[in-house]
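Notes to accompany the following structure.
Note on naming: letters A, B, ... go to the chains in the order of the sequence lines (proteins, then strands), and numbering restarts at 1 for each one. What you are looking at is a predicted structure, and each value in this text was computed from that prediction instead of being measured.
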Amino acid sequence: MSGQRVDAKVVMLGKEYVGKTSLVERYVHNRFLVGPYQNTIGAAFVAKVMSVGGRTVTLGIWDTAGSERYEAMSRIYYRGARAAIVCYDLTDSSSFERAKFWVTELQNFEENCRIYLCGTKSDLLEEDRKKRGIDFHDVQDYADEIKAELFETSSKTGQSVDQLFQKVAEDYVQLMAFQVMTEDEGVDLSQKHSTYFYSCCHH
Amino acid sequence: MAADIHKKKGWEGPNGSLVPADGQPTERSESPTPGLAQGMEPGAGQEGAMFVHTRSYEDLTSPEDGDVASRSPEKGRGYQADQTSMEQISKDFSELSTQLMGMALDLEEEMRPSQEDKMDLSLQTARRDSARSEKEDEDVTMEAWRMHQKHVFVLSEAGKPVYSRYGSEEALSSTMGVMMGLVSFLEVEKNAIRSIHADGYKVVFVRRSPLVLVAMARTRQSEQEIAHELLYIYYQILSLLTWTQLNHIFQQKQNYDLRRLLAGSERITDNLLDLMARDPSFLMGAARCLPMAAGLRDAVSTCLQQAKAKSLVFSILLSRNQLVSLVRRKDQFLHPIDLHLLFNLISSSSSFREGEAWTPICLPKFNSSGFFHAHISYLEQDMDLCLLLVSTDHEDFFTVSDCKRRFQERLRKRGMSHALQEALRTPFYSVSQVGIPDLRHFIYKSKSSGLFTSPEIEAPYVSEEEKQRLLELYQYLHSRAHNSSRPLKNIYFTGPSENLLAWVTSAFELYVCYSLLGTKAAAVSAVNKLMKWIRREEDRLFILTPQTY
């Protein structure tokens, strides 16, 4: 990994059209682009430097394409990820099913990766409560079950977007602090051998 | 370098060979074309080419794509046979209709080739899919839908819709069933349908198992050219999936709905079709270079060449579908079709403007069985300069990303960013620079380099329709010049609003558009002047020294 130094790899996952790119766009550039839907091709990488408790952390965010076409090679993008933001559209129950698929995938192949469930387009619910496609408590139960954080965001209004990424960064810093205490030689971000240390502090 | 180029003067003096009889729009000249050996023509690279060598347009369509032939054992019968079998088809339509998903249709009525209403597409109510894009909302039962210049359909061999240029695929599923019916019906007879010609329409079929591609066009293109465009669509699909994956899927499940895998790619295919209708690159089977001073281009190429990595195969710098620089690995050549697909991918999406994209892509002409990984990014936010780095290793993102950083750093250090920006400001040159009064426009292709040059389209071709018309005239000339049964080397065409000249040799192709005022003799002598001008400007208009890592 030459060039850009990245502390933590974060991957965006979820069905197409749930708004992963919009979420990244809002967080990184603080804007919301209106216009025809443009699906992501392959994946886009963007690095964002942020500060957590006086420390600088660089998140390397992988915004992946939701299309099924790329599913077979999604591992390229989430391998070694510290955090996965698994998105679903609050108004579309099928996108939640897809989110569950990604969670299973991560649990099987990337146990070191923390999962953040993110319901998107919450502004649509402000307009009309009936639009909610899946019961909040069901999602909360599911999040508890998989030990994931749950957020409901709107890239249009910016609601909870910063909080989500801030939480991702904080959790990372906290984990690193813990690992520094338990592991002398530091951490190799891309290797699996830190599994042991991680699992012992898993809630 | 310029000095020794001018010694190769073989191309001068076309022997006044363009002397068709008056009064006829096109004529074939019997006199031999002057000897200008391939590799010596203006625009030919000094150190070999960048591209896979495609000698002519036919190369792109015929040899490797010959699996059509294997699918139609009696290919020799060809076109004539298609015509006679059409009668047979008409006779047997009632029989056929039972095989077509139980449609209660009088197919004999629908499909009789000489009928005005070839395909009554109002045969079913359009099903709407609310979440899809605008074009999908188009009502396929409306007259407006039927009036489109060119429809393109892709279906699987099971008759399942894969893509439609206009209207939703679902609404067209029975129409596509009919198309597949036609194809398989002739196959039973050990024959293959190529096209149906009726009332200003051409319906062209291209079979690339497991897909069938169909175009219904009202354009003046030849059947061959429409088939060529369909092949591009096929390659576009391969670039997303690879041939191996595509075949694997349909071997597993014949009636697979391929739209699942292609979801979101419709825009890329739509863009490709639009691009083919207005960009002569596809017709020429060549790439256009952004005109810039040779010194600047070489310096940029060197920077690009130095920013290399083990896994890189091609580094391509482009601006609005024009090539700025291309560096390749030694012994690896890019095919123009693959380059066009890359150009199309980039121009069809604004999503590459942000961050760095890292996407799997198959270059079907290079290797249709596997994926490369392409790093795509714009050099600066407001600059139309896109860098494309093609790598063999999908794990190599950060290495490749570093190549980009190094390239940018070199550009900055040598102070070339500004000069590049200047060059981008004038992406086209005016035909008036040539200094031939009656000359309106031209396309010149150097066959050995696979590059072509063409000035900006200016008055009187101002409106989109007029520009389109000019390109259609070139298409017409091109199809006459490359007609497989009767190719022409020299064509002089007097149209109602312009005179055109085409000159095709083993080394180059030249298509010229003159105003109506000039004479044929003047047009012929102007070609000399034009060729001299191109020779003089060649180091600005072409990439003469392609680099390798």
Side-chain angles (χ1 to χ4, degrees), chain A residues 1-6 9 11-12 15-18 20-29 31 33 35-48 58-80 89 91-92 94-95 98 189-190, chain B residues 131-135 237 239-242 245-246 248-249 257-268 307 309 345-346 348-362 370-377 381 393-406 408-409:
Chain A
M1 279 214 210
S2 44
Q4 208 149 18
R5 202 184 66 92
V6 170
K9 178 172 176 175
V11 63
M12 314 290 297
K15 193 182 170 181
E16 61 200 319
Y17 196 58
V18 297
K20 299 178 288 296
T21 303
S22 293
L23 195 61
V24 175
E25 187 77 17
R26 166 59 79 183
Y27 174 61
V28 176
H29 300 288
R31 64 183 174 195
L33 300 175
Y37 168 61
Q38 285 256 355
N39 53 306
T40 305
I41 292 163
F45 175 83
V46 64
K48 170 87 176 175
T58 306
L59 296 186
I61 304 170
W62 280 98
D63 174 22
T64 67
S67 166
E68 241 180 87
R69 177 166 72 250
Y70 300 106
E71 189 181 299
M73 42 194 104
S74 56
R75 283 206 67 192
I76 301 168
Y77 303 115
Y78 67 65
R79 182 177 304 146
D89 180 341
T91 66
D92 171 14
S94 74
S95 70
R98 192 73 190 147
L189 295 189
S190 57
Chain B
R132 304 303 287 265
S133 67
E134 233 173 87
K135 71 137 194 172
I237 292 171
S239 80
L240 296 167
L241 300 175
T242 73
Q245 196 188 348
L246 182 69
H248 182 72
I249 290 164
D257 186 354
L258 196 61
R259 288 179 308 152
R260 276 179 58 187
L261 279 190
L262 293 178
S265 74
E266 298 88 349
R267 199 164 34 92
I268 306 174
L345 175 73
I346 289 164
S348 63
S349 179
S350 63
S351 69
F352 299 123
R353 300 238 161 219
E354 305 299 333
E356 301 165 63
W358 183 241
T359 180
I361 182 150
C362 168
F371 281 115
F372 284 105
H373 257 74
H375 181 280
I376 307 169
S377 61
Q381 277 289 297
D393 186 355
H394 60 74
E395 301 277 8
D396 235 11
F397 171 81
F398 287 99
T399 315
V400 176
S401 171
D402 194 49
C403 290
K404 181 206 170 176
R405 193 189 51 74
R406 276 156 46 208
Q408 274 184 302
E409 216 169 76

B:H373 meets the side chain to side chain contact (heavy atoms under 4.5 Å, CB included) criterion, sequence neighbours left out, with A:M73, A:I76, A:Y77, B:W358, B:P360, B:H394
Is it the side chain or the backbone of B:I268 that comes within 4.5 Å of chain A heavy atoms, both, or neither?
side chain
Listed by chain and number, what are the salt bridge (Lys or Arg N to Asp or Glu O under 4.0 Å) partners of A:K48, not counting sequence neighbours?
none
Taking side chain as everything from C-beta outward and backbone as N, CA, C, O, which of these in B:R260 sits under 4.5 Å from a heavy atom of chain A? Side chain, backbone, both or neither.
both
Give a yes or no on this: more than 12 heavy atoms of other residues, nucleotides or ligands lie within 6.0 Å of atom NE2 of B:H248.
no
Looking only at heavy atoms, which of residues 63-71 of chain A get nearer than 4.5 Å to chain B?
A:S67, A:E68, A:R69, A:Y70
Hey, are the side chains of A:I41 and B:I376 touching, using non-hydrogen atoms and a 4.5 Å cut-off?
no
Using the test salt bridge (Lys or Arg N to Asp or Glu O under 4.0 Å), find all partners of A:E25 that sit at least two apart in sequence or belong to another chain.
A:R31
Does the A:E16 side chain pair with the main chain of B:G264, one donor and one acceptor, at a distance under 3.5 Å?
no
When heavy-atom pairs shorter than 4.5 Å are enumerated against chain A, which of B:D396, B:L241, B:T359 gives the highest number?
B:T359
